[in-house]
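One structure is given here, and the rest of the page talks about it.
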Amino acid sequence: MYFLTGWPRRLLCPLRSEEEPFYIQPSFQRFYFAVLSETQLSIWFSRPSVLIVSYIESAKAAAQFGFYQKAEWKSDDSMIAVATAKGYILLFDVLGGGDDKYLYEPVYPKGSPRVKVTPGFKEEQCAPALSLEMKKPVDLEAPITSLQSLQEDLLVCTADGYLHVLHWDGIGSNGRKAICLTTIPFSLDLQSARGGPSLDLEGVYIHCMEYCVTLDGFAVVLSDGRLGFITPLSSTITPLQGVWAADVTDGTCVAVNNKYRLMAFGCASGSVLVYMIDTTTGSMQLSHKLELTPKHYPDIYNKTGPVKFICWSPDYSVAMVTWECGGLSLWSVFGAHLICTLGEDFAYRSDGTKKDPIKISSMSWGAEGYHLWVLPYKQDRKRQEEQQEVEMVEPPHSCLQAGILQFHFIKSALTVNPCTSNQEQVLLHGEDRLYLTCGDPTQVHSTSDSTLLGHRHWHVVQIHSTYLESNWPIRFSAIDTTGQCMAVAGRRGFAHYSLFTRKWKLFGNITQEQNMMVTGGLAWWNDFVVVACYNFTDQQEQLRLYQRSSNLDNAFASVTKLHADTLLLNVFRDMVILFRADCSICLYSIEKRNDRWLLQEVSMSRYIPHPALVVSVTLTSVRTETGITLKAPQQACMAESIMLNLAGQLIMLQRDRSGPQVREKETPANNKKLLPFCPPVVLAQCVENVWTTCRSNRKKRHLLEALWLSCGEAGMKVWLPLFPRDHRKPHSFLSRRIMLPFHINIYPLAVLFEDALVLGATNETVLYDGLQGSSEPLEALFPYCTVERTSQIYLHHILRQLLVRNLGEQALMLAQSCASLPYFPHVMELMVHVVLEEEATSREPIPDPLLPTVAKFITEFPLFLQTIVHCARKTEYALWNYLFAAVGNPKDLFEECLMAQDLDTAASYLIILQNMEVPAVSRQHATLLFNTALEQGKWDLCRHMIRFLKAIGSGEMETPPPTPTTQEPSSTGGFEFFRNRSISLSQSADSITTGKFNLQKTFSMPTGSSCAENMYIDMMLWRHARHLLEQVRLRDLGCFSAQLGFELIGWLCRERNRVAHIDDFVSALKKLHKDFLWPFPVIPVGSFNSPLKNGRCRTVLSTRLLKSQSADSLLNSDMDTAPPQTGPTNQTWLDRLGQRAKEMDTASSAHSNQHSPQTHDAFLSLLTSKVEEYSIGSATDLTETSSVVDGDWTMVDENSSTLSLSQAELEHISMELANKGPHKSQVQLRYLLHVFMEAGCLEWCIVIGLILRDANVIKQVIAFLDSPEVPPETVQSVQNGLLAVDTWASSDWKCDAKVMSHQSSKLGVAEGLGGAAVPRPEDSRGVAAPLGLGLPSIEPAGGFPRPPSEDCPPEQTEEQGEEEGTYDCTLS
């Protein structure tokens, strides 16, 4: 349709004058405009928009004739009639200056490619030189109210009640006719004209009149405000017969629409009444109204004043209306509202102040509707100039000059070339550019969503300037089905463009271009442009095909001669359908081998009163009956019917299959005779556009075999096929198709059939405040206008209409075919929402409510629960009871969500329950959801639930408090952020030493809260933590603590001897390996050949292979084996554990200060010296007696410093890396170790130490097991657990556990540990690799990294082995 773009342009009259122009009238071709001021007649040219000639009346003649009032052109643009105030008709001859005389000509620089090559050929851009010559005036002796031009006659209405018929030629000599209005009989319809009541017309005259060619009559507004239509009863002008419209007495103006046979009457109320003539009775029937609605224009809808002007566009598809109070408004032919300048940015500045609407004294459309020429009301101009004088501003010269405003429009290609209706692109064209919705050529084969809906911007193609200069204005445009090729046709010839090459193709021979004029439009068929044109050389109508890839030349064209003028053209598969001026329809076949033959000709003259009334003609595969079942989808592609839009009436001609049917296989292709067509059937009224497709898709047959109609203010209609389900025989009483109306909020320009979308465009505005000021130009009153793409879903409308008609089975089939669309959930929501709003807010009781049916329908889809709750959340609370009465109790729906594990939807239902139920019910359901969310690890939801539960208790649901978190939450699902936390050893030791987490500390969350709600939440959190710990889900426990700010250490302190106690060390070890993706130790091949298998070598801690250490560090490392003996008596053993950690930290820093060059990397590489010949993974430690084994093992004491790195050492390092888990798991385990150590959970520390293979952890725990505060049960548990691990390691890891020394008999007699037998960690894991390699490169806080000084020399190791009691095994 039509869309406003940019700012209006202002045309200034070059002649200085005090007079204001107040009337504008276009010539029939709209290339010239007659502009009247009081004593001046000016002729303007359209492109370029310049003044050509001006006739100024002398003062004497002006006194005799009076001021000019109205003007009218003769149909061949050769004369102008001007009506004056004193009843004179002045006739002017418009004289051309000859072929070579031009007022303006383009001048090109030398060497420019635009230099004219054809002699005598002039571009259209040249403005012709014209002159005006006045003929003898005609005095009608009464004020003139209206002028109307016919072919050779001029009709003039006067205020004395007469209708004068003047001849354009020889007005003075040829006697004129005068018809008195009182002699014309007026009735309500033509049937009652002879005997019915007649209108009393005494003292009444015709105020306004316009002739309608297709109705062959005059639409008139009488001086008393009545509306009428006068028609001649015979071919001559007289006698006349009139009909009048009842109940209307406030008519002000009239405009007729020849294409749709409509008469638009403006009224004093501000409405426009659009009438049609009933073909059977001849009466005037109201078709529809054009009026502003209080919904969209609440401030102005009843304050516009009377309608002043109505202007139909040149293609009759839109009407522009203006009122006495000003403003412009645009409607489509059947009442779809497109633009209004009385609202939004047109009426208000950005600061909210109101603008005065621009008042218009006259307006007219330019050629092809690309411009609207507007004359502003002169009072506005005078007020502006007075204001300037008051402000003492020097007025510029332009203020004294007459001004014309020129509004720019772009329009849909459908308005003049409706053959694009079977494609799924939007194509708009302005006077010099095309706007396309298609995307990049590279995206053509992708889904339609990305190409057509991916962005709101247009693809703008500038029309080639060379073609435009010669052939402006563009009259037709077309786009191919892929959206990659465009063609445009102007005054002569045509040109086409490809998005692939980004180039235009023009005729190489300009004579060929100028010898053809496209008459019936143009269309694309595969790679060919199909053109219906008139050949001036042969004076013949032709159908031509030009290939896109060839040069644009008649030598490459395929030409077929036609017998009559073509008015419309369309393409369906391999057929061309033409509608001709003799009201016949012709079908032609197209084939690649360039021969086309006439397949069929159908005469429609019986049904079509005037050929200009046919808006569009389409060949479709749409049928009413045959082949409608699912068994015959292949027939859906055949040309079955012709759709004809006759002045808004959609007529269908279907093939007649009533006769004997011939099977297609029996007839050769060339002799195949097409079936005749049945008599036409009217499908719909008020139709503006029709869309159908020739594609087929078994899954979406409803949408692809439907017929889509655009019906103006009535919205859209779809003629939907109804299919029997599961190949069943259709019911005889069921119709095969159904017409469903529905409303959409945009003007439809294209239909995406499979995607269930309508594409359109909409006008947007941008305000520029910088243009404000006292002397702001008239254009600055208007915002800058842009056109934006838009789209809308229509599926919910169709589903609803089917449910209203009890066609639920069809609705279900249609919905299931579209369930894969990304916006299908939104469709369901919209359907519920619209029905709910209508029914729940209805003042009258609804006898048969639709909502229960809709609810039952939605339950067929898995998104039922989300749909209902999303709809409820977007609806006001007052309507909830009505909604849930239809769809079910929200408590039941909540439980269904929980059963379906859809927790987010369940959370939405909680908000419904919280508003509809008592707090106890909300708390009960919230608890259920909270527990489920905890179990599934949905931490965001858990945080919301904590806030929700607190708010229920506090009664502050309006502003719920934020979730209390003591640690920053992480969205990663793990607790990676602890890597960056600074839990250094000294910090953690400090905190423990001060007794922060001593046993007397009670834990609650959040800290310091004593209300029952917080306690209730704490209980649930504790219960979940207990559950996780019982199931050995330490990773989940860590996430739970980190995400919800759960104070884990304090809770573990309380649970140390309860749930934090380990019953089965082996299963805990296995579970942690699995949870943290930590690999079990890898046994290298070389270990099977180890000399240590002879059993003479007992393994000891291999971490003693260090660089030489100072006496200080050796003294410091003594602490590792000696149990703590010092400290105040009131300290618990837990506090002393922290103290020991602090001392270790001090020793570590002291050692690193003394030996600063030593790094961890060097430390790692030194652990495995002198073991090249043997497997690193086997027990490669020194024997207890430090003897040399096989002559290759040397005694390494604490002072050895000559160590070298070899291949075997590298293998050892790589083996250690293979025995490690992911770095993230390592960080998490270190953090958990820190937590358990601070909480005093020694058993868990042992298990994590075993996994990390960290000797220090084991040593620390063992060192503290003799504390009197450690319960004997814990000591016994550690002993039993380690024995179980040893047994498991021996059996599962196939370790040859051989007792190699007398120490093995002392497993149960370790006096230093209070009787607990503790194996060395690396042996119990079946690994003889050095424990020190388990350290991470980045040690998290609390990980208790082992400093280089903490390892004992071999002597101490032996002593430790004696005390603790050890067992040994080697890997076989």
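Computed from heavy atoms alone, side chains included, the values below leave out hydrogens, waters and symmetry copies. Everything numeric here is computed off the predicted structure, so don't read it as measured data.
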The criterion is ring-ring contact (aromatic ring centres under 6.0 Å, His included); which residues satisfy it with [X], sequence neighbours excluded?
X: F476; result: none
X: W525; result: F528
X: Y467; result: none

State whether the side chain of [X] and the backbone N or O of [Y] hold a donor-acceptor pair below 3.5 Å, judged by distance alone.
X: K259; Y: S317; answer: no
X: E754; Y: N697; answer: no
X: T566; Y: L568; answer: no
X: Q425; Y: T481; answer: yes
X: E640; Y: R655; answer: no
X: R736; Y: L722; answer: no
X: R475; Y: V518; answer: yes
X: E688; Y: F334; answer: yes
X: N554; Y: A557; answer: no
X: D480; Y: Q484; answer: yes

Could you pull out the closest heavy-atom pair between [X] and [Y], with the gap in Å?
X: R695; Y: L704; answer: NH2-CD2, 4.0 Å
X: A478; Y: A523; answer: CB-CA, 4.3 Å
X: A756; Y: L821; answer: CB-CD1, 4.1 Å
X: F742; Y: K717; answer: CE2-C, 4.3 Å
X: A684; Y: L709; answer: CB-CD1, 3.7 Å
X: V758; Y: Y794; answer: CG2-CD2, 3.3 Å

Please examine the side chains of [Y] and [X], heavy atoms only from C-beta on, and report whether any two atoms are closer than 4.5 Å.
X: I479; Y: Q423; result: yes
X: Y497; Y: K503; result: no
X: L599; Y: M575; result: yes
X: W691; Y: S710; result: yes
X: V690; Y: L707; result: yes
X: F677; Y: I585; result: no
X: M516; Y: F536; result: no
X: C485; Y: L499; result: no

Between [Y] and [X], do the side chains contain a donor N or O and an acceptor N or O under 3.5 Å apart?
X: D553; Y: Y546; result: no
X: Y316; Y: N258; result: yes
X: N471; Y: E513; result: yes
X: Q542; Y: T560; result: no
X: N515; Y: R492; result: no

Under the side chain to side chain contact (heavy atoms under 4.5 Å, CB included) rule, collect the residues that match up with [X], sequence neighbours excluded.
X: A706; value: W708, V718, L720, P721
X: A714; value: C711
X: D278; value: T280, T281, S283, Q285
X: T620; value: T618, V622, S641, M643, T692

Next item on the list: Would you indicate whether Q29, at its atom CD, is surrounded by more than 12 heavy atoms from other residues, nucleotides or ligands within a distance under 6.0 Å?
Entry: no
Looking at residues at least two apart in the chain, or sitting in another chain, which of them share a salt bridge (charged side-chain N to carboxylate O under 4.0 Å, His left out) with [X]?
X: D574; answer: none
X: E431; answer: R47
X: K411; answer: D315, E368
X: D582; answer: R580

Note to self: One pair to check against side-chain contact (heavy atoms from CB on, under 4.5 Å): L434 and S477. What are the steps and the verdict?
What the structure shows: CA-CA 9 Å; L434 301 174; S477 65; 4.2 Å; yes
Interatomic distance, [X] atom [atom1] to [Y] atom [atom2] [nearest 0.5 angstrom]:
X: I410; Y: M1; atom1: CD1; atom2: CE; result: 13.0 Å
X: L653; Y: C678; atom1: CG; atom2: SG; result: 8.5 Å
X: L215; Y: R261; atom1: CG; atom2: CZ; result: 5.0 Å
X: S616; Y: N645; atom1: OG; atom2: CG; result: 4.5 Å

Note to self: Between H702 and F723 (judged by ring centroids, cut-off 6.0 Å), do the two rings come close enough to count as a pair?
What the structure shows: yes
Check: Step by step, would you call W504 with V461 a side-chain contact (heavy atoms from CB on, under 4.5 Å)?
Finding: CA-CA 10 Å; W504 282 95; V461 176; 3.9 Å; yes
Next item on the list: Mind running salt bridge (Lys or Arg N to Asp or Glu O under 4.0 Å) on K561 and E541 for me, showing each step along the way?
Entry: CA-CA 6 Å; K561 295 178 181 177; E541 195 77 18; over 6 Å; no
Next item on the list: Evaluate the criterion side-chain contact (heavy atoms from CB on, under 4.5 Å) for residue pair T466 and L506; output intermediate values, then yes/no.
Entry: CA-CA 9 Å; T466 305; L506 277 60; 4.1 Å; yes
Note to self: Quick check on side-chain contact (heavy atoms from CB on, under 4.5 Å): which of I577, V617, L543 does L569 satisfy it with?
What the structure shows: L543
Checklist line | Trace of the side-chain contact (heavy atoms from CB on, under 4.5 Å) decision for R805 with I738 | finding: CA-CA 10 Å; R805 290 159 174 76; I738 187 167; 3.3 Å; yes
Donor-acceptor pairs under 3.5 angstrom involving side-chain atoms of residues 603-614: please list them, not counting sequence neighbours.
from : atom 1 : to   : atom 2 : distance (Å)
S603 : OG     : S605 : OG     : 3.3
H610 : ND1    : A612 : N      : 3.1

Next item on the list: Decide, yes or no, whether a salt bridge links E705 with K700 under the criterion of side-chain N to carboxylate O below 4.0 Å.
Entry: no
